[in-house]
Amino acid sequence: RIRTFNRAAEAMFGYTRDEIIGEDVNTLMPEPHARRHHRYVSRYMETGEARIIGIGRYVEAKRRDGTIFPVHLAISEFQDGERIFTGILRDMTQVRELESALRDKEKSLKMALRAANLNVWEWEPDTDVFRALEGDSAVMPGLATGESVQASALRDRVLPEDRQRIERVLGRIHEGDSHAFEYRVKQEDGDLRWFRSHTTPVFGPDHRVERVLGVTRDITESKDREAELASQRERLTHVARLSTMGEMAAGIAHEINQPLTAITTFAQGSRRLIAAGNADTAQLTRALGNISDQALRAGEVIRRLRALIRKTDQTREVRNVNELISELEPLVSIDVRGNDIPVIYDFDQPEILVKVDPVQIQQVMLNVLRNAFDASEEQRSGDIIVQTRLRTEGEVMVRVTDHGTGMSEEVKNNVSNPFFTTKKNGMGLGVSICMSIIKSHGGAVTYEDNPKGGTIVTLTLPTVEGGIRDGGNI
C-alpha cells in the first residue's frame with residue numbers, strides 16, 4: 001500500500017495525496033505489470049533476488065487519466081519494524097521524445113548522406129587509425145561502416161603528387177583549422193577517380209587535436225563534366241577566332257599584299273640594274289634591305305594571325321598585360337589604316353603581371369578593338385584609347401574608349417546574350433565568349449557610355465603578386 005506521495009508525484013500522476021494514500025501501488029502501473037506486481041514482490045521476498053530494487057530501470061507508469069508514460073524507477077528498501085520500499089521516479093517523457101527526434105534526425109541524415117554519396121569518417125592522429133563512421137569508404141572499397149584501418153593504407157592509394165598536398169594539410173591539423181582538398185585515387189581496375197574531402201579537428205581536454213572528422217565525396221563525374229565543358233568552350237572560342245579572322249580577311253589580304261608588292265617591285269628593279277650592267281652595290285644593298293623589311297612585315301602579320309587561330313591547350317602563364325596588347329599591333333594596324341582611326345596606347349606601368357591564357361586574352365582584346373573600330377567607322381572622328389591601370393585591390397583594369405555611335409538601349413540589354421548581333425554577317429558569339437573568357441580568369445567585363453560620345457569597355461583581371469615586376473622577381 002502507498003504510504004507517502006509527495007507533490008512532485010501528485011504533478012506526475014494527477015492524483016492528490018489524499019486520493020492515493022492507502023491504495024495499492026499497482027494503481028500507478030499499466031497492464032500487464034499491474035496484475036503481475038504482487039507476484040514480483042512475493043518472489044523477491046522469498047528469494048531475495050532483486051530485479052529492480054537497488055538497481056533501477058526504465059519502466060512504464062500510468063497516470064490518473066489512463067495515459068501511459070516512461071519513467072526511470074529506482075527502489076530502495078529499509079526496515080522500520082517492517083519492510084518498507086521507497087520508490088523514486090523520474091518522468092522520462094521529454095527524454096524519450098528527444099531520443100526519438102534524434103533517431104529520426106539521424107535516420108534522415110544517413111539518408112541524405114547516402115543520397116549525396118558522402119562518406120563520413122574519423123582519423124586519430126596519434127595512432128594514425130582511420131575509421132569509417134557512415135557509408136562504405138569511397139577511397140578504399142570494402143571498408144564498411146564501423147571498420148577501421150591504418151590511414152597510411154589509404155594514403156598509399158592516392159597519386160604521389162596529390163599525396164604530398166594531403167600530407168602538408170594533415171601536418172597542420174594542430175593549428176585547429178578546417179581544410180578541404182581534392183585528390184585522385186587509382187582504383188584496382190586501373191581507373192582514376194577524383195575525391196574531395198572536408199576535415200574538422202576535434203579537441204581533447206588538453207586542447208590538443210585528438211581526432212579529425214571528415215566527409216569525402218566522389219567528384220569524378222563533376223570533374224569529367226568540367227573537362228567536357230572546358231573542351232566545348234575552347235572549341236567555341238576557336239570558332240569565334242576563325243570568325244573574327246574571316247571578318248578581317250579583306251584587310252589581312254590587303255596588308256599582306258602591300259609588302260609582297262613592294263618585294264616584287266624592289267626585286268624587279270634590282271634585276272634590271274644587274275641586267276643593264278651598271279648595278280651599284282649600295283643601291284642593291286638598299287633594295288635587299290627593303291625586301292627583307294617587307295618580308296618581315298608580312299611574316300609578322302601571318303605569325304600573329306596563326307597564333308590567334310591555332311588550337312592550343314588551355315595553359316596559363318604569367319605575362320605582362322601591356323605586352324599582350326602590344327603584340328596585337330600588326331593586326332590592329334590593319335583596321336587603323338583601313339579606317340584612318342588612330343589607336344592611342346596609355347599604359348600605367350611598364351609591366352603589369354597577370355596569369356592568363358595569352359591567346360584567349362588577345363582574342364578578347366582583338367574583339368573589343370574591332371567592335372570599337374566598327375562603331376567609330378561611321379563617325380570618322382576621334383580616336384580609340386587603350387589604357388591599363390593597376391588597382392590597389394590586386395587587379396588590373398584594361399579600358400578601351402571609342403568615340404563612335406555608342407550603344408542603343410537594345411544593345412545594352414542584349415549585349416551579353418549569345419547570338420545577339422548588330423552586324424550583318426555576325427554570329428553574335430563574340431561578346432558572350434569574351435565575357436566567358438574573362439569570367440573564367442576571375443575578372444569581369446563592363447560597358448558604359450562615353451560622355452563625349454561612344455562607348456567605354458572595361459575589362460578587369462586579377463594580378464600576380466601585386467601586379468608589378470620588381471628587379472626581375474615576381
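Residue numbers count from 1 along this sequence. Quantities reported herein were computed from a predicted structural model and do not represent experimental measurements.
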Check: So, for R165 and Y183, which heavy atoms are closest and what is the spacing to 0.1 Å?
Finding: NH2-CA, 4.2 Å
Note to self: Quick check: do R389 and D346 have side-chain heavy atoms less than 4.5 Å from each other?
What the structure shows: yes
Check: Between S100 and R96, is there a donor-acceptor pair closer than 3.5 Å when you use the side chain of the first and the backbone of the second?
Finding: no
Margin query: Given 3.5 Å as the limit, does a donor-acceptor pair link the side chain of D24 with the main chain of T27, or not?
Written below: no
Check: Is it true that a side-chain atom of T463 and a backbone atom of L353 form a donor plus acceptor pair closer than 3.5 Å?
Finding: no
Margin query: For residues 438-450, which residue pairs pass the salt bridge (Lys or Arg N to Asp or Glu O under 4.0 Å) check, not counting sequence neighbours?
Written below: K412-D449
Next item on the list: Spell out, as yes or no, whether a donor-acceptor pair under 3.5 Å connects the side chain of H33 to the backbone of A61.
Entry: no
Margin query: Looking at D91 and R63, is any side-chain nitrogen of the basic one under 4.0 Å from a carboxylate oxygen of the acidic one?
Written below: yes
Note to self: Quick check: closest heavy atoms across A34 and M29, and the distance to 0.1 Å?
What the structure shows: CB-O, 3.6 Å
Note to self: Testing R157, R163, E161 one by one against L159 for a side chain to side chain contact (heavy atoms under 4.5 Å, CB included), which residue passes?
What the structure shows: E161
Margin query: Taking the basic N atoms (NZ, or NE/NH1/NH2) and the acidic carboxylate oxygens, is any pair closer than 4.0 Å for R35 and E31?
Written below: yes
Check: Should V457 and V445 count as side-chain neighbours, where that means a heavy-atom distance under 4.5 Å?
Finding: yes
Item checked: Nearest-0.5 Å distance that lies between atom CD in E99 and atom CE in M92 -> 6.5 Å
Note to self: Would you say that L213 contacts E122 through its side chain, given a criterion of any heavy-atom pair below 4.5 Å between the two side chains?
What the structure shows: yes
Item checked: E317, CD: over 12 other non-hydrogen atoms inside 6.0 angstrom -> yes
Next item on the list: Could you walk me through whether H441 and D357 pass side-chain contact (heavy atoms from CB on, under 4.5 Å), step by step?
Entry: CA-CA 8 Å; H441 282 76; D357 181 322; 3.8 Å; yes
Next item on the list: Supply the atom-to-atom distance L390 CG to Q349 CD, rounded to the nearest 0.5 angstrom.
Entry: 6.0 Å
Note to self: Just verifying a value: how many Å separate N320 CG and I325 CD1, rounded to the nearest 0.5 Å?
What the structure shows: 9.0 Å
Next item on the list: Evaluate the ring planes of H72 and Y58, with Trp represented by its six-membered ring, and classify them as parallel (under 30°), tilted (30 to 60°) or perpendicular (over 60°).
Entry: perpendicular
Checklist line | Nearest heavy atoms of F69 and T93, plus distance in Å | finding: CB-OG1, 3.7 Å
Next item on the list: Check the pair R208 / D126 against side-chain contact (heavy atoms from CB on, under 4.5 Å), numbers first and verdict last.
Entry: CA-CA 11 Å; R208 292 183 71 258; D126 293 339; 4.0 Å; yes
Checklist line | Approximate separation, where rounding is to 0.5 Å, of I219 CD1 and D224 CG | finding: 10.0 Å
Margin query: When you measure from the side chain of D402 to the backbone of T455, do you find a donor-acceptor pair of N or O atoms at a distance under 3.5 Å?
Written below: yes
Margin query: For D348, is there any backbone N or O sitting under 3.5 Å from a side-chain donor or acceptor partner on N322?
Written below: no
Note to self: Return the OG1 to CG distance between T388 and L461, rounded to the nearest 0.5 Å.
What the structure shows: 11.5 Å
Note to self: Applying side-chain contact (heavy atoms from CB on, under 4.5 Å) to F195 and V158, what does each step give before you reach the verdict?
What the structure shows: CA-CA 10 Å; F195 296 94; V158 178; over 6 Å; no
Check: For K223, does the NZ atom have more than 12 heavy-atom neighbours from other residues, nucleotides or ligands under 6.0 Å away?
Finding: yes
Next item on the list: Using distance alone, with no hydrogens and no angle criterion, decide if T401 and N450 have a side-chain donor and acceptor under 3.5 Å apart.
Entry: no
Next item on the list: Taking the side chain as every heavy atom from C-beta outward, state whether I352 and F347 have any atom pair closer than 4.5 Å.
Entry: no
Item checked: side chain to side chain contact (heavy atoms under 4.5 Å, CB included) partners for P462, two or more places apart -> none
Next item on the list: Search all heavy atoms of T4 against all heavy atoms of I2 and return the closest pair with its distance.
Entry: O-CG2, 3.5 Å
Next item on the list: Taking the side chain as every heavy atom from C-beta outward, state whether R319 and E327 have any pair of such atoms under 4.5 Å apart.
Entry: yes
Margin query: Is it the case that the side chain of T460 and the backbone of A444 share a donor-acceptor pair, with hydrogens and angles ignored and the cut-off at 3.5 Å?
Written below: yes
Notebook entry, point to check: More than 12 non-hydrogen atoms from neighbouring residues, nucleotides or ligands closer than 6.0 Å to CD on E323, yes or no?
Noted result: yes
Note to self: If I compare all heavy atoms of V129 with all of S148, which pair ends up nearest, and what's the gap?
What the structure shows: CG1-CB, 3.8 Å
Margin query: Between the side chains of E124 and R211, is the shortest nitrogen-to-carboxylate-oxygen separation below 4.0 Å, so that they form an ion pair?
Written below: no
Item checked: Expected output: side-chain Q362 to main-chain L324 donor-acceptor under 3.5 Å -> yes
Check: Any side-chain heavy atom of V400 sitting closer than 4.5 Å to one from M365?
Finding: yes
Notebook entry, point to check: L89 versus F13: any side-chain heavy-atom pair under 4.5 Å?
Noted result: yes
Next item on the list: Looking only at non-hydrogen atoms, find the nearest pair between P30 and E60 and report the distance.
Entry: CD-O, 3.3 Å
Between side-chain atoms of residues 16-23 and protein atoms elsewhere (two or more places apart, or another chain), which donor-acceptor pairs fall under 3.5 Å?
{"unit_1": "T16", "atom_1": "OG1", "unit_2": "E19", "atom_2": "N", "d": "3.2"}
{"unit_1": "T16", "atom_1": "OG1", "unit_2": "E19", "atom_2": "OE1", "d": "3.2"}
{"unit_1": "E19", "atom_1": "OE1", "unit_2": "T16", "atom_2": "N", "d": "2.9"}
{"unit_1": "E19", "atom_1": "OE1", "unit_2": "R64", "atom_2": "NH1", "d": "2.9"}
{"unit_1": "E19", "atom_1": "OE2", "unit_2": "R64", "atom_2": "NH1", "d": "2.8"}
{"unit_1": "E19", "atom_1": "OE2", "unit_2": "R64", "atom_2": "NH2", "d": "3.1"}

Next item on the list: Report the distance from atom CZ of F130 to atom CD of Q150, rounding to the nearest 0.5 Å.
Entry: 12.0 Å
Notebook entry, point to check: Tell me, do V59 and R57 make a side-chain contact under 4.5 Å, heavy atoms counted?
Noted result: yes
